[in-house]
Amino acid sequence: MDVSDLINGLNDAQRDAVCAPLSNQLVLAGAGSGKTRVLVHRIAWLMRVEQLGPHQVLAVTFTNKAAREMRERLGQLLDRGDATLRTMWVGTFHGLAHRLLRSHWREANLPQNFQILDSDDQLRLIKRIYQELSIDDSRWPQRQAQWFINGHKDEGRRAAHVQDDFDPFNKVMKSVYLAYEAACERGGMVDFAELLLRSHELWLKQPQLLAHYQQRFRCILVDEFQDTNAIQYAWLRVLAGQQCSVAVVGDDDQSIYGWRGAKIENIHRFQEDFKPVNVTRLEQNYRSTSTILKAANAVIEHNGDRLGKTLWTDGAEGEAIDLYAAFNEQDEARYAVDQVQRWIRDGNGASDMALLYRSNAQSRVLEEAFIRADVPYRIYGGQRFYERLEIKNALAYLRLISNRNDDNAFERVVNTPTRGIGNKTLETLRVFAREQGYSLFEASVGALANNVFTARAANALKGFLTLLDSLEDAVQDMDLAACCAHVVEHSGLLAFHEAEKGERGQARVENLQELVGACRAFEPDDEDTPVLDAFLDRAALDAGDAQADDYEEAVQMMTLHSAKGLEFPFVILCGMEENLFPHRMSAEEPGRLEEERRLCYVGITRAMQKLVLTYAENRRVYGKESFNAPSRFIREIPAGLVHEVRMKAAVQRPATYLAQDDAPNEFGIQLGQMVRHHVFGEGVVLNIEGRGAATRVQVNFANEGSKWIMLQYAKLEPV
DNA sequence: AAGGCAAATGTTTTT
DNA sequence: CATTTGCCTT
């Protein structure tokens, strides 16, 4: 058997991972070490050498984009028709769980036409529950309830399992969770976390069903394993059972979604729970210069509790890392533009360059500078296609055609465009629906029959119901795209947004037209579901790219989070300042600070040839001036790798920032040190700012939390 | 019920 | 600074 195409060009570690006998595997894959390649080749190997059929392999990724990419690369490597790939389960955890629930809705106790709630729908539902329960949202913000519910679901806990202690917050949140659960049950609605929770429970309750899938899958492969949360891990473990081999690929140093419930510990647990585990480390980096790698290694070294991995390359040393201290954020943007222009002038492609930043808010100034300089750019992130207001409204009409009892959709468009159905009418409907156990649609029919409303309200509502009837009638024999076009037009949405003044209205009209285009291009991957429902599912599960396809040569601008998994010859990391990066909200807690550091590691390792760091000494944040020290991450890079760029303006500045680094100050206090304060007790030094009499340190006290201390007043003793 | 004005409020993002 | 939310007026 010829397997040369599978192993040619792989290094020893990669080859070990690809050619290992069928067994549980942990591949610790550093940034740029050829992780995806190994994964794809491993699947091909299993199919060719271990003779696994495509239906016996399950591959899980985190994003739809990654799933698409894997499918594509597999297709190239396997050189088999589309049909083969279609029988293979490749997808996100959520996508796979959804597929499962669609096939086994009965066993999962769901109505056949259950709907997926995205986070926007979820928040709306929670708001309605707040009204029903008369909960004060200024005391208990609704976003917190959403966070609470999702957090517990991600940990596999239903409302009934939530500890009912005497904490008032917990009590209120639990009551919301309970009501939320009931509302979802009543309306046949399933949120993202529920997809996993529900399918996990499905297996526990239906052993014969579980056995079926356990027999089917011989090997499960998981990408980005460091980003799995508790329920995903449990899901995996149950499905794998005793027979199935599980291969996971991940990098603990690139875990940047802890705030969303991801558990790095899953990597440790895996080695226990799935014993024996064949561990491979991919440490050879094919992406970056050794200078960049040294910087990345030095930064990440400051984190404790790592599995330990050191990237190396046999490639060139490359250029030093430039560090630019900008006068303010405008100057920083100007410098970035200069760099880009020079890069392009030197004959490089604009799309080979990326500007990375910690938070989306930073993109605005950069964007303006690029517009002014007439340099093409592309911003990732922001609102995604299927999450746009006008698109969600159009989808709501489509949903109502599919299922009139979808209360979420009903609430959304009953008065959009405005047709005289206001809050009062709606509130009457809600109460009536709740009392009778009706959906809002049923309640409307009932209320009209009973003459509950004034003539004006009744007419308006009747108008809406008639509209739904006529839409459904007209659309009967149309294909998806025609149906969508008809609905967009006759619902009045198109005219509504055309009447909107300014660019915004026009953009919305264009988006609606694009939605029709998306319908035309839609290829269902599930023949059993009606095409409209399949499309709605896809829209919920894959919110689409943030920006429509703009594939011109343009500089890429995005947050560090969205940059994960990408690489660029030239990277500029902007806003390297304390309070911004590491973010102020994360600097207090050691665990979250380490996550910020991993984010920095991710940022540095995106760069292939050239890396530039910039920070602004003075930055306008929300209209206010703020002065921030250079990020501690800059100081963590060995000075020998860094080249300080002088400011263009003739402002003389002492290049002293590097001096204030790890050298103990005159008080003998260092970062990370354990200290005792005569009042607050013991704590760890998180941060040091200023020098001489102005030196302040931030200490996280065991009992008092974190505080800023002026060293000249309060003596801190090293412990 | 709808439109206008003042006040509040700002991480990171996928599914 | 810019956008969303809430209250108030027509």
Side-chain angles (χ1 to χ4, degrees), chain A residues 60-67 91-99 116-122 127 137-138 141-143 147 150 153-154 190-197 224 227-229 231-232 255-262 329 356-365 368 380-384 386-387 389 414-427 454 456-457 460 504 537-546 558-565 575 579-588 592 595-596 598-600 602-603 619-626:
Chain A
V60 191
T61 60
F62 262 83
T63 62
N64 290 299
K65 194 171 147 215
T92 63
F93 274 107
H94 294 88
L96 297 169
H98 170 249
R99 186 166 175 176
I116 300 173
L117 288 188
D118 68 17
S119 39
D120 187 55
D121 301 326
Q122 187 182 39
K127 283 183 177 161
D137 64 299
S138 58
Q142 289 143 343
R143 292 205 163 275
W147 182 80
N150 289 335
K153 284 194 174 191
D154 284 344
V190 173
D191 62 42
F192 290 131
E194 182 76 22
L195 288 168
L196 287 157
L197 190 51
E224 304 280 13
D227 287 335
T228 48
N229 63 28
I231 187 68
Q232 288 163 341
S255 159
I256 54 175
Y257 287 108
W259 51 275
R260 209 166 72 186
E329 79 282 354
L356 308 183
Y357 36 80
R358 173 68 238 263
S359 64
N360 279 313
Q362 288 169 254
S363 68
R364 176 165 251 106
V365 182
E368 283 164 4
Y380 283 77
Q383 230 192 0
R384 325 202 40 216
Y386 289 109
E387 280 164 5
L389 179 96
V414 65
N415 201 33
T416 316
T418 49
R419 49 173 75 86
I421 303 170
N423 224 333
K424 205 153 155 249
T425 313
L426 214 48
E427 194 46 42
T454 60
R456 206 167 98 177
R504 192 134 99 193
D537 282 349
R538 178 78 66 86
L541 233 38
D542 180 2
D545 271 336
M558 68 193 85
T559 62
L560 288 157
H561 281 91
S562 3
K564 190 163 101 170
N579 294 326
L580 198 63
F581 188 34
H583 198 275
R584 152 163 23 84
M585 310 298 252
S586 300
E588 309 258 315
R592 303 184 72 183
E595 184 154 312
E596 297 277 319
R598 292 194 290 271
L599 199 52
C600 183
V602 167
R619 181 182 295 272
R620 280 182 95 85
V621 184
Y622 305 135
K624 272 204 318 248
E625 302 259 285
S626 65

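Chain A is the first sequence line, chain B the second, and so forth, proteins listed ahead of strands; every chain is numbered from 1.
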Visitor: Looking at A:N229, is its backbone amide N or carbonyl O close enough to the side chain of A:Q232 to form a donor-acceptor pair, meaning the two atoms are under 3.5 Å apart?
Guide: yes

Visitor: Is A:N423 touching bases, backbone alone, or none of the nucleic acid, heavy atoms closer than 4.0 Å?
Guide: sugar-phosphate

Visitor: Just wondering, are more than 12 heavy atoms of other shown residues or ligands nearer than 6.0 Å to CH2 in A:W147?
Guide: no

Visitor: Reckon A:K424 touches a base, only the sugar-phosphate, or nothing at all at heavy-atom distances under 4.0 Å?
Guide: sugar-phosphate

Visitor: Sticking with atom C1', work out how far B:dT12 lies from C:dT5, rounded to a whole angstrom.
Guide: 23 Å

Visitor: Which nucleotides of nucleotides 8-15 of chain B have their base under 4.0 Å from a protein heavy atom (B), which only their sugar-phosphate (S), and which neither (-), written as one string 5' to 3'?
Guide: --BBBBBB

Visitor: Check every nucleotide of DNA chain C for an atom under 4.0 Å from a heavy-atom of chain A, then give the first and the last such nucleotide from 5' to 3'.
Guide: C:dC1 to C:dT3

Visitor: Give a yes or no on whether a salt bridge exists between A:E595 and A:R592, defined as a side-chain N under 4.0 angstrom from a carboxylate O.
Guide: no

Visitor: Using a strict threshold of under 4.0 Å (side-chain N to carboxylate O), is an ion pair present between A:R384 and A:D118?
Guide: no

Visitor: Side chains of A:I116 and A:L541: closer than 4.5 Å at any heavy-atom pair?
Guide: yes

Visitor: Taking all heavy atoms of A:L599 and all of A:H561, pick out the closest pair and write down the distance.
Guide: CD2-CE1, 3.5 Å

Visitor: For B:dT12, does the glycosidic angle fall within 90° of 0 (syn) or outside that (anti)?
Guide: anti

Visitor: Are the side chain of A:D137 and the backbone N or O of A:P141 linked by a donor-acceptor pair below 3.5 Å?
Guide: no

Visitor: Side-chain contact, heavy-atom cut-off 4.5 Å: A:Q362 with A:L580?
Guide: yes

